[in-house]
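Take this structure, written in structure tokens, and hold onto it; I'll ask about it next.
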There are 2 protein chains.
Amino acid sequence: MTTRCPHIIDDDAAVRDALAWLLKAHDIDSVVWSSAGDFLQQSEPTSCGCLIVDIRMPEMSGIELFDRIRRQSGDLPVIFLTGHGDVPMAVQAIKDGAFDFLEKPVDEVLLIDRVRAALRLGGERANVAAHNQEIQSLLKELTIREREIMECVLNGKLNKVIADELGIAMRTVEVHRSRVFEKMGVRSAVELSQLLSSVN
Amino acid sequence: MTTRCPHIIDDDAAVRDALAWLLKAHDIDSVVWSSAGDFLQQSEPTSCGCLIVDIRMPEMSGIELFDRIRRQSGDLPVIFLTGHGDVPMAVQAIKDGAFDFLEKPVDEVLLIDRVRAALRLGGERANVAAHNQEIQSLLKELTIREREIMECVLNGKLNKVIADELGIAMRTVEVHRSRVFEKMGVRSAVELSQLLSSVN
DNA sequence: GCTTCCATTGTGGATTTCCGCAAACAACAA
DNA sequence: TTGTTGTTTGCGGAAATCCACAATGGAAGC
């Protein structure tokens, strides 16, 4: 929830400074990196609102970087910049979930617009991710048995049925069920179902 | 559930016949159209599994067609073919939800692969759409009051609370609630919640 | 050995849901 | 006028949920 801003990755110092300057001229602070590796290792995950990546880099290509970001930094909106892009590359990037794919020289107005949109989307995604994170940590608090009972409850089974299937007393099911609700912070099976519907 | 196959739209008879022949050589039947308008007006919606569209057409461009398909025929996977495509066009197409964007001359193996994938996706989408259609038609059977009570139930409210909020007797709520379950073909609030989670 | 956590079960009562049977009232169509 | 549909309500009982209080046994950790 802090100051999420675009991070620029480009091996050409002149280019990335020009980009940063352009953004700054539109009141957008940014962070620059000279390589994808530096970004992945040193960047503060919470500071990054979107990525602007030059696709023609030594060491690690933008596409390759994109793959790693998917795993590490969650789903950050990535704007690819390229001087030598072709259609298949652009298609693949977008299909893989890139936010945009722009050719250099890029129209300034267009770029600023896309950066703003990417930051907006990045913020939304971060919120969703944070929410999912909360749910996951709640789920982690459940014991195995509780998770088991929860599954049954989510399948709409009655306590009696669950008790029968698991070969335990109904009272036990009630206790687990109650504890699941308590730990998950809900008060009914419906709430639980809706809470988890966004995750699963 | 009948024989969904690719539909080819191209104003050049030689091209579309060549495409149809190529597909046939791989055991894929297809239907050809000489214009987007013809397709939109005359095609049987249930016969179409995916679209192969040349983007350089008179009358109506592929992009324009794509827009109309979105509205009319649901979400059919669309493979764009183009001889003069550029990166921005491709990016826009994919972002708008096109299945793929291929440049001519297209590699035969690649095309066949993409067509097969598009057909597969088209089948899945058709199933999902059919399922949603069913749910929608079920929802349409509900009376206004029933929908109202359903909303409350989905919010996890107890009958007592609902009755209080709506200023009616608890028994009335029970009746509506019961009828909602009956009409929607579920047996509990949880099932109802999960049934609707995919739609809403 | 002791503590903590987990799973288990019981009793008993309050609350809620589920449901059949019965019926009143209004709006609207045949 | 008659019939249908939607909304409303009551009664009463069976079934299920919710919950406080109380307790046992096993496994893991200190």
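Reminder, nothing fancy here: chain letters follow the sequence lines and each chain counts from 1.
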Between P of C:dT16 and NZ of B:K157, the distance in whole Å: 16 Å

Check: A:E165 and A:K157 side chains under 4.5 Å, non-hydrogen atoms: yes

Salt bridge (charged side-chain N to carboxylate O under 4.0 Å, His left out) between B:E174 and B:R177, intermediate numbers included: CA-CA 5 Å; B:E174 287 175 35; B:R177 180 195 181 103; over 6 Å; no

Near-strand residues of residues 173-187 of chain B, defined as heavy-atom separation under 4.0 angstrom from DNA chain C: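 Of all residues in residues 173-187 of chain B, the ones placing a heavy atom under 4.0 Å from DNA chain C are B:E174, B:R177.
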
base_contact_polar (C:dT11 base, A:R171 side chain, donor-acceptor, <3.5 Å):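 When only heavy-atom distances are counted, A:R171 does reach the base of C:dT11 through a donor-acceptor pair under 3.5 Å.
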
Full working for side chain to side chain contact (heavy atoms under 4.5 Å, CB included) between B:I9 and B:V32: CA-CA 6 Å; B:I9 304 180; B:V32 297; over 6 Å; no

Integer-rounded Å distance: C:dG12 C1' and A:M170 CE: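 In whole Å, C:dG12 C1' lies 13 Å from A:M170 CE.
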
Separation of C:dC6 C1' from A:E148 CD (nearest whole Å):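 Those two atoms, CD and C1', are 13 Å apart.
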
Lys/Arg-Asp/Glu bridge criterion (N-O < 4.0 Å) met for A:E148, A:R145: yes

Distance, rounded to the nearest Å, where A:R147 contributes CZ and C:dC6 contributes P: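 Rounded to whole Å, this separation is 11 Å.
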
Under 3.5 Å: donor-acceptor pair, side chain of B:R179, backbone of B:E146: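 Not confirmed, B:R179 side chain does not pair with B:E146 backbone.
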
Pairing of B:D11 and B:R16 as salt bridge, 4.0 angstrom limit: no

Opening and closing nucleotides of DNA chain D in contact with chain B, under 4.0 Å to non-hydrogen atoms: D:dG6 to D:dC11

Inter-end axis angle, the helix from C:dG1-D:dC30 to C:dA30-D:dT1, with every axis fitted to five base pairs (rounded, 10 degrees):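 End-to-end axis angle: 40°.
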
Short side-chain to backbone donor-acceptor contact, A:D10 and A:D12, under 3.5 Å: yes

Worked check of side chain to side chain donor-acceptor pair (under 3.5 Å) between B:Q92 and B:D96: CA-CA 6 Å; B:Q92 193 58 46; B:D96 285 346; 3.2 Å; yes

Presence of B:K160 side-chain N/O under 4.0 Å of C:dT15 phosphate oxygens OP1/OP2: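 So the side-chain polar atoms of B:K160 never come under 4.0 Å of the phosphate oxygens OP1 or OP2 of C:dT15.
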
Backbone of A:E134 reached by a side-chain donor or acceptor of A:S137 within 3.5 Å: yes

Closest non-hydrogen atom pair between A:S30 and A:C5, with its separation: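 Smallest heavy-atom distance, with atoms named: CA-SG, 4.0 Å.
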
N or O in side chain of A:T172 less than 4.0 angstrom from C:dA7 OP1/OP2: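 No, outside the criterion.
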
N or O in side chain of A:T143 less than 4.0 angstrom from C:dA7 OP1/OP2: yes

Atom-pair distance (CD1 on A:I168; P on C:dT8), nearest Å: 5 Å

Residue B:L158, side-chain atoms from C-beta onward, closest of C:dT17, C:dT8, C:dC6: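 So the side chain of B:L158 is nearest to C:dT17.
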
Minimum-distance nucleotide (side-chain atoms of B:N159 versus C:dT17, C:dT16, C:dG10): C:dT17

From CG (B:L111) to CG (B:L81), nearest 0.5 Å: 6.0 Å

